[in-house]
Amino acid sequence: MFWTSPKKGNAYYILAHQYMAARLNLLAGAASTAQVDAALAWATTFFSTYTPSSSLSKAVKDQAIAYAGLLDDYNNGRIGPGHCADES
């Protein structure tokens, strides 16, 4: 999944990339927020319901893109605990 680019703005892949990065950040010990937790919960349900080739309604696609944006903000330290600095 990491190596598949979001062809033609595929919301599934866009969300999947940010979801995987956020999960890895949490596994590495990053703190979360209620917003991030809600986005991850919604995405988990989304991934169990849809596939990359599913035809999404506009509302579902818009929500997936919005949560991907929120998770991107989290992954890049714009919300949440902040961006991790290299200590070396």
Side-chain angles (χ1 to χ4, degrees):
M1 188 66 59
F2 270 123
W3 308 118
T4 303
S5 67
K7 298 173 183 125
K8 298 182 183 179
N10 185 309
Y12 187 98
Y13 287 119
I14 293 167
L15 180 59
H17 287 195
Q18 296 306 323
Y19 175 88
M20 291 183 297
R23 286 287 182 199
L24 289 172
N25 282 327
L26 291 169
L27 287 170
S32 188
T33 69
Q35 284 182 309
V36 170
D37 293 343
L40 292 171
W42 186 91
T44 299
T45 300
F46 174 84
F47 294 129
S48 68
T49 305
Y50 300 101
T51 68
S53 61
S54 291
S55 180
L56 304 176
S57 70
K58 179 174 178 4
V60 170
K61 181 179 180 180
D62 289 349
Q63 187 64 64
I65 297 296
Y67 277 137
L70 183 131
L71 293 175
D72 179 58
D73 286 344
Y74 169 73
N75 292 326
N76 285 290
R78 292 185 287 270
I79 63 171
H83 200 279
C84 297
D86 184 7
E87 303 278 332
S88 52

Q) Quick one: side chain to side chain contact (heavy atoms under 4.5 Å, CB included) partners of Asp37, sequence neighbours excluded? A) Ser32
Q | Given Ile79, Asp72, Asp73, the one that forms side chain to side chain contact (heavy atoms under 4.5 Å, CB included) with Asn76 | A | Asp72
Provide the closest heavy-atom pair for [X] versus [Y] in the form atom of the first, atom of the second, distance.
X: Tyr67; Y: Ala39; answer: CD2-CB, 3.2 Å
X: Ile14; Y: Ala68; answer: CG2-CB, 3.7 Å
X: Ala43; Y: Leu15; answer: CB-CD2, 3.9 Å
X: Leu26; Y: Tyr74; answer: CD2-OH, 3.2 Å

**Q.** Close side-chain approach of Asn75 and Leu24, heavy atoms under 4.5 Å
**A.** no
Q) When rounded to the nearest 0.5 angstrom, what is the spacing between CG in Leu40 and CG in Leu70? A)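 One finds 9.0 Å between CG of Leu40 and CG of Leu70.
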Q | Ser54 side chain to Thr51 side chain, donor-acceptor N/O pair below 3.5 angstrom | A | yes
Q: Under the ring pair (Phe, Tyr, Trp, His ring centres under 6.0 Å) rule, collect the residues that match up with Phe46, sequence neighbours excluded.
A: Tyr12, Trp42, Tyr50
Distance-only donor-acceptor pairs under 3.5 Å for side chains of residues 55-66, two or more places apart:
unit_1: Ser57; atom_1: OG; unit_2: Val60; atom_2: N; d: 3.1
unit_1: Lys58; atom_1: NZ; unit_2: Asp62; atom_2: OD2; d: 2.7

